[in-house]
Number of protein chains: 2
Amino acid sequence: MTLSDKNFAFVMHCGEMGSRWGFNRTIGQMCGLLIITKEPMTANEIADALSISRGNVSMGIKELQSWRLIKVQHIPGDRKEYYAPAGTIWDMANRVFEERKKREIDPTLSLLRDNILEEAHNDDERFAQQQMQEIHDLLETVTKWSSELQRLSPEQLQSLMKLGSGIGKVLDFKDKILKKP
Amino acid sequence: MTLSDKNFAFVMHCGEMGSRWGFNRTIGQMCGLLIITKEPMTANEIADALSISRGNVSMGIKELQSWRLIKVQHIPGDRKEYYAPAGTIWDMANRVFEERKKREIDPTLSLLRDNILEEAHNDDERFAQQQMQEIHDLLETVTKWSSELQRLSPEQLQSLMKLGSGIGKVLDFKDKILKKP
DNA sequence: CATAGCTTTCATTATTTATTGAAACTTGAG
DNA sequence: CTCAAGTTTCAATAAATAATGAAAGCTATG
């Protein structure tokens with residue numbers, strides 16, 4: 001199976017963006033490829049489509065699974081494994097977001113927590129601790145807020161997203177609302 | 001000037017996280033160092049504190065400036081340049097966020113836009129285009145939403161962040177509210 | 001239980017990215 | 001104008017990361 005020029009261009013773009021999205025070129029390509037291909041693909045088809053080695057595809061699959069971005073499917077009477085995106089675009093974006101939070105924020109949050117608990121022994125440490133406290137509070141707020149968003153129903157989210165500039169208005173009325181349970 | 005163990009540990013952590021935050025180890029370290037150091041530092045002080053070459057510091061400074069994370073200061077009667085964080089922690093986080101959006105989302109958004117405008121020539125392209133449309137819509141929503149947030153006053157933001165789980169409640173009343181201007 | 005058909009692993013190799021440090025450049029002061 | 005104190009650049013090198021492919025590992029089927 002060979003890609004049309006336009007689709008190929010998209011897949012290559014995903015490759016170039018791959019490392020910015022948190023993985024590497026090949027994995028970006030694989031992800032893009034699976035998204036725009038209607039039918040699930042075998043590892044060999046993926047290797048052929050991207051002109052990369054079979055082993056590389058195997059590694060990529062493992063990685064994409066660790067991000068929970070793809071799922072395996074089987075076709076009766078066929079021993080091969082077929083791969084397809086795990087869920088909707090929205091689901092996938094969510095997973096990437098979550099996973100990146102886990103890698104980019106959580107470790108720092110934990111280090112900062114530890115540090116802040118210890119006592120500062122001189123001015124330098126005191127100043128540093130203040131700064132770390134600020135970073136900590138910021139990251140914690142962001143974390144709490146994002147987990148809040150994930151708790152919302154899809155409809156509520158939709159509604160929130162559509163709100164756009166209305167958000168300011170809503171905020172102005174917040175107190176009123178919360179007083180009427 | 002030498003760092004305390006605790007502060008050194010923080011700086012090294014910033015280094016390890018550097019590449020996850022969008023830059024590299026050295027630049028992560030430099031950023032962490034400047035944040036927890038009360039006084040502005042010269043390039044040589046930075047190089048000494050981190051045991052890296054003067055040239056590397058120069059590159060790092062250029063990069064941090066391109067992210068708008070540091071600013072130059074001068075001390076009268078001293079020809080050296082002194083570097084310090086550009087703004088509060090919150091400002092810096094915002095800058096990183098913006099800059100990453102520019103690098104991680106905007107190029108894709110533009111590619112998708114172009115692709116969607118062209119006509120699909122077969123079923124594969126049609127399917128691919130549908131998927132791209134979904135990605136496009138998602139990214140555009142996120143983009144619009146985040147620029148919306150940046151438009152809010154700091155107080156409004158604060159208030160929104162504190163809302164936390166109340167956000168669901170507020171949304172349920174959205175329609176009511178918006179009908180009473 | 002042997003094997004064909006498929007997948008995974010991992011040592012080696014290739015590619016990419018980061019760092020160094022010497023040379024070139026800039027600039028303010030005398 | 002010259003020099004000294006500083007900064008930047010960039011070719012060479014080092015380090016980190018990714019890709020290959022041959023060998024080892026699985027596992028349904030006859």
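All chains are named by letter (A, B, ...) in the order of the sequence lines, taking the proteins before the strands, and each is independently numbered beginning at 1.
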Kindly indicate whether the side chain of B:Gln65, heavy atoms from C-beta on, has any atom under 4.5 Å from the side chain of B:Val72. yes
Think A:Lys62 has a side-chain N or O under 4.0 angstrom from the OP1 or OP2 of C:dT9? yes
For B:Thr42, answer base if it contacts any base atom (sugar-phosphate contacts may also be present), sugar-phosphate if it contacts only those atoms, and nothing otherwise; contact means non-hydrogen atoms under 4.0 Å. nothing
Tell me: NE2 of B:His74 to C1' of C:dA29, nearest whole Å? 16 Å
Select from A:Gly77 and A:Asn24 the residue whose nearest nucleotide in DNA chain D is closer to the 5' end of that strand. A:Asn24
Rounded to whole angstrom units, what separation is found between the CG atom of A:Asp78 and the P atom of D:dT27? 17 Å
Is the count of non-hydrogen atoms from other residues, nucleotides or ligands lying under 6.0 Å from B:Phe127 atom CZ greater than 12? yes
Check the distance between C:dT27's P and B:Lys80's NZ and give it to me in whole angstrom. 18 Å
For the side-chain contact (heavy atoms from CB on, under 4.5 Å) test, which of A:Leu117, A:Asn115, A:Leu112 pairs with A:Gln129? A:Asn115
What's the spacing between A:Ile116 CD1 and A:Asp137 CG if we round to 0.5 Å? 7.0 Å
Rounded to whole Å, how long is the line connecting atom CG of A:Leu50 with atom P of D:dA18? 16 Å
State which of C:dT8, D:dA19, D:dT7 makes the closest approach to the side chain of B:Arg54. D:dT7
Among D:dT7, D:dC10, D:dA18, which nucleotide sits nearest the side chain of B:Met59? D:dC10
Out of D:dT20, D:dA18, D:dA5, which nucleotide sits closest to the side chain of A:Ile52? D:dT20
Should A:Gln150 and A:Asn94 be marked as a side chain to side chain donor-acceptor pair (under 3.5 Å) after you check the CA-CA gap, both sets of side-chain angles, and the distance that decides it? CA-CA 9 Å; A:Gln150 293 204 310; A:Asn94 252 311; 2.9 Å; yes
For the pair made of CD in B:Glu63 and P in D:dT7, what is the distance, rounded to whole Å? 19 Å
The side chain of B:Ser58 lies closest to which of these nucleotides: D:dT9, C:dT9, D:dA19? D:dT9
Side chain of B:Arg79 only, please: which of C:dT19, C:dT27, D:dA28 is the nearest? C:dT27
I want to confirm an ordering. Mapping A:Tyr83 and B:Gly55 to their closest nucleotides on DNA chain C, which one lands closer to the 5' end? A:Tyr83
Expressed as a whole number of angstroms, how long is the span from B:Glu81:CD to C:dG28:P? 10 Å
If you only use heavy atoms from C-beta on, which nucleotide in D:dT20, D:dT7, C:dT19 is closest to the side chain of A:Ser53? D:dT20
Rounded off to whole Å, could you give me the CD1-to-C1' distance for the A:Ile61 and C:dT9 pair? 14 Å
Among D:dT9, C:dT19, C:dT16, find the nucleotide with the atom closest to the side chain of A:Arg25. C:dT16
Closest to the B:Asn56 side chain: C:dT19, C:dT7, D:dA19? C:dT19
I need the CD1-P distance between A:Ile70 and C:dT7, as an integer number of Å. 12 Å
